[in-house]
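Presented below is the structure to which this report refers.
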Amino acid sequence: MNFEWNEDQLELFEHALSFAKDLDFSKLPQGEFPMEAWRALGEFGYFGLPIDSKYSPSGSGFDILTTVKVLEGLGQGCADTGILFAGAAHTFACAMPIYEHGSEQLKQQLLPLLASGEKIAANAISEAEAGSDIAKLTTKAWREGDYYIIQGAKSYVTNGGVADYFVLYATTNAKFGYLGQTAFVVPADLPGIEVGNSYKKLGLNSAQLNQVFFDEVKVHKDYVLGNEGQGARIFAASMDWERCCLFALFIGVMQRDLERCIDYANTRKQGDKTISKFQAVSHRIADMEVRLQSARLLLYFAAWQKSQNVDNTKAVASSKLAISEAFVQSGIDSIRVHGALGYLQESGVDSSIRDALGSVLFSGTSDIQRELICNRLGLL
């Protein structure tokens, strides 16, 4: 097995790391969407990493492993994981379904705008009762001539408050369960759409999260992704992208936390020696390293499997589970290494644990990932 990255991939990683470190969030209003940073990420090429340049000058057409490595650099360097999270939702849960399942006309129309970040997309699937269980969606769509009429409400829509387009999943035939769901691209300026206030969250604060209501919204049939009834398959494919690429960002954050803990342990003194000399501290940091490297290798394997066009459900679920749980534990360990300083918000050490707690919930909870793994292991 060859675990080495090629020279181009390493240069892209270093470029992403350097770019992300230079992003300045100090002057941005708290609680507001950082549009200036969003535009900078668009100029960098974040939103077009996996999209072919034939659809947008901002597209790079990178394979998934290269995309993962670039995102790892962004996560490690960027002080605000929330804006990167918003970008991942836009790119991997919205732009990629259009890229892989949209008509040629829809791709030509939307991908130049989405890959550059000129327009923002939001993924509208979760509901108050259904979560992400696509077979139980209460949002309905029915056909009338050349249009579909959409009726329902979506919860926890990332980018909902700033979206120009929604990638929405609705039930078109309840009798067929998973095969009765359809994916749509819904322009946000259509009559009948109402966006609720942005939720206040524990972490990832710069990412907007909203409830969105659709009251008999009329969408042309050309805005259907794939065919009617293919929504579940399209959603599953988008989750493969999101669970690999979004969680590559968190690998980068964990790497940054690890390095910060090492620096602190090597300089903070207790008595006449640095705290790195105490096994209670050094062993905790060693555990952070083992969790990080284990999760990182699972991520690379999952991304490699996706590139081979094989069933990578177990690998992706294992990777997502390992990263999110490691992220939470590493956030706790970072605070413990820093002691009382880590408990102070002004230190910034606490940001990782606040961001990490959400990672065990979104893109499928940790228990959902365990169910996916059990299914592939043949457990009845």
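Just so it is clear, the structure is predicted and the values come from calculations on it, not from any experiment.
Looking only at side-chain heavy atoms (C-beta outward), Ser282 and Lys277 stay at 4.5 Å or farther from each other. Side chains of Phe92 and Thr67 form a contact here, defined as non-hydrogen atoms less than 4.5 Å apart. At a threshold of 4.5 Å between non-hydrogen side-chain atoms, the residues Phe327 and Leu357 do not count as touching. At least one side-chain heavy atom of Ile64 sits less than 4.5 Å from a side-chain heavy atom of Cys244. No side-chain heavy atom of Val70 sits less than 4.5 Å from a side-chain heavy atom of Gln9. Put simply, the side chain of Leu225 reaches to within 4.5 Å of the side chain of Leu106, judged on heavy atoms. Between Gln151 and Thr139, the closest side-chain pair of non-hydrogen atoms is not below 4.5 Å. In this structure, the side chains of Ile353 and Ile332 come closer than 4.5 Å at one or more pairs of heavy atoms.
Judged by distance alone, the side chains of Trp241 and Glu100 do bring a donor and an acceptor atom under 3.5 Å apart. For the residue pair Thr172 and Thr182, a side-chain donor N or O sits within less than 3.5 Å of a side-chain acceptor on the partner. Checked by atom type, the side-chain pair Thr274/Asn266 shows no donor-acceptor distance below 3.5 Å. A donor-acceptor pair shorter than 3.5 Å cannot be found between the side chains of Ser307 and Asp63. Remark: the Tyr300 side chain and the Glu72 side chain contain an N/O donor-acceptor pair separated by less than 3.5 Å. Defined by atom type and a distance below 3.5 Å, a donor-acceptor pair is missing between the side-chain atoms of Gln329 and Glu325. A donor and an acceptor atom, one from each side chain of Glu127 and Ser155, are nowhere located under 3.5 Å apart. Side-chain N/O atoms of Asp311 and Thr313 include a donor and acceptor closer than 3.5 Å. A donor-acceptor contact closer than 3.5 angstrom links the side chains of Trp142 and Glu144.
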Given the rule in the side-chain hydrogen bond (donor to acceptor under 3.5 Å, both in side chains) test, do Tyr55 and Glu104 qualify, once you have shown the distances and angles that lead to the verdict?
CA-CA 10 Å; Tyr55 291 112; Glu104 191 64 24; 3.1 Å; yes
Walk me through it: do Leu65 and Lys306 pass the test side chain to side chain contact (heavy atoms under 4.5 Å, CB included)?
CA-CA 9 Å; Leu65 276 165; Lys306 182 168 177 61; over 6 Å; no
Verify side chain to side chain contact (heavy atoms under 4.5 Å, CB included) between Ser334 and Met288, making sure each step is shown before the conclusion.
CA-CA 9 Å; Ser334 292; Met288 292 174 69; 3.6 Å; yes
Show your working on side chain to side chain contact (heavy atoms under 4.5 Å, CB included) between Ile275 and Lys269 and close with a plain yes or no.
CA-CA 6 Å; Ile275 62 172; Lys269 283 192 173 183; over 6 Å; no
Stepwise side chain to side chain contact (heavy atoms under 4.5 Å, CB included) test for Asn123 and Thr158
CA-CA 7 Å; Asn123 181 31; Thr158 303; over 6 Å; no
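Under a cut-off of 6.0 angstrom, the local environment of CD in Glu11 is crowded, with over 12 non-hydrogen atoms contributed by other residues, nucleotides or ligands. More than 12 heavy atoms of other shown residues, nucleotides or ligands fall within 6.0 angstrom of atom NZ in Lys140. Atom CD of Gln308 has more than 12 heavy atoms from other residues, nucleotides or ligands within 6.0 Å. A 6.0 Å sphere centred on NZ of Lys136 holds no more than 12 heavy atoms belonging to other residues, nucleotides or ligands. Other residues, nucleotides and ligands place no more than 12 heavy atoms under 6.0 Å from the CG atom of Asn197. Counting heavy atoms of neighbouring residues, nucleotides and ligands inside a 6.0 Å radius, atom OH of Tyr343 does not exceed 12 of them. Enclosure of atom CD in Glu4 is not indicated, since only 12 or fewer non-hydrogen atoms of other residues, nucleotides or ligands lie within 6.0 angstrom.
Checking side-chain atoms of Asp164 against main-chain N and O of Ile120 turns up a donor-acceptor pair under 3.5 Å. At least one donor-acceptor pair under 3.5 Å links the side chain of Arg143 to the backbone N or O of Gly145. Looking only at distances, a side-chain donor or acceptor of Lys154 sits under 3.5 Å from a matching main-chain atom of Tyr169. Judged purely by atom type and a 3.5 angstrom limit, Lys201 uses its side chain to pair as donor or acceptor with the backbone of Ala207. Between the side chain of His338 and the backbone N or O of Val349, no donor-acceptor pair lies under 3.5 Å.
Between Phe247 and Phe250, the ring planes lie perpendicular to each other; the angle is over 60°, past the 30° to 60° tilted range. Between Phe85 and Phe362, the two ring planes are tilted [angle within 30° to 60°].
Note on Leu249: it clusters hydrophobically with Leu292, by side-chain heavy-atom contacts below 4.5 Å among ILVMFWY residues. Linking Ile, Leu, Val, Met, Phe, Trp and Tyr residues whenever their side-chain heavy atoms come within less than 4.5 Å places Leu246 and Phe44 in a single cluster. Both Met35 and Tyr165 are part of a single hydrophobic cluster, where members link through side-chain heavy atoms under 4.5 Å apart. Phe213 and Leu168 are not part of a single hydrophobic cluster, where members link through side-chain heavy atoms under 4.5 Å apart. Under a hydrophobic clustering in which Ile, Leu, Val, Met, Phe, Trp and Tyr are joined whenever their side-chain heavy atoms come within less than 4.5 Å, directly or via other members, Ile149 and Val185 fall into different clusters.
Heavy atoms only, all atoms of each residue included: Leu298 and Ser319 are closest at O-CB, 3.7 Å. A pairwise comparison of heavy atoms in Asn159 and Ala121 identifies ND2-O, 3.1 Å as the closest pair. Here the closest non-hydrogen pair linking Ala317 and Leu372 is CB-CB, 3.9 Å. In terms of heavy atoms, Leu111 sits closest to Ile98 at CD2-CG2, 4.1 Å. In terms of heavy atoms, Pro97 sits closest to Cys94 at CD-O, 3.1 Å. Of all the heavy atoms in Val328 and Ala356, the pair that sits closest is CG2-O, 3.5 Å.
Note on residues 109-122: pairs passing side chain to side chain donor-acceptor pair (under 3.5 Å), not counting sequence neighbours, are Gln109-Tyr223. For residues 174-195, the set of pairs meeting the ring-ring contact (aromatic ring centres under 6.0 Å, His included) definition, not counting sequence neighbours, comprises Tyr148-Phe184.
You'll find the ring centres of Phe214 and Phe166 inside the 6.0 Å limit.
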Less than 3.5 Å apart, which donor and acceptor atoms pair up between the side chains of residues 45-54 and the rest of the protein, not counting sequence neighbours?
unit_1: Tyr46; atom_1: OH; unit_2: Leu84; atom_2: O; d: 2.8
unit_1: Tyr46; atom_1: OH; unit_2: Ala88; atom_2: N; d: 3.1
unit_1: Asp52; atom_1: OD1; unit_2: Lys54; atom_2: N; d: 2.9

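In this structure, Phe33 CZ and Ser206 OG are separated by 7.5 Å, a value rounded to the nearest 0.5 Å.
Cation-pi contact between Lys273 and Phe278: present, with separation from the ring centre below 6.0 Å and deviation from the ring axis of at most 45°.
Under a 4.0 Å N-O distance rule, the pair Asp287/Arg284 does not qualify as a salt bridge. Taking the charged nitrogens against the carboxylate oxygens, Arg260 and Asp263 have no contact shorter than 4.0 Å, which rules out a salt bridge. The residues Lys221 and Glu228 are annotated as not salt-bridged, no charged nitrogen and carboxylate oxygen being separated by less than 4.0 angstrom.
Screening Asp333, Thr81, Asp257 against Ser352 for a side-chain contact (heavy atoms from CB on, under 4.5 Å) leaves a single residue, Asp257.
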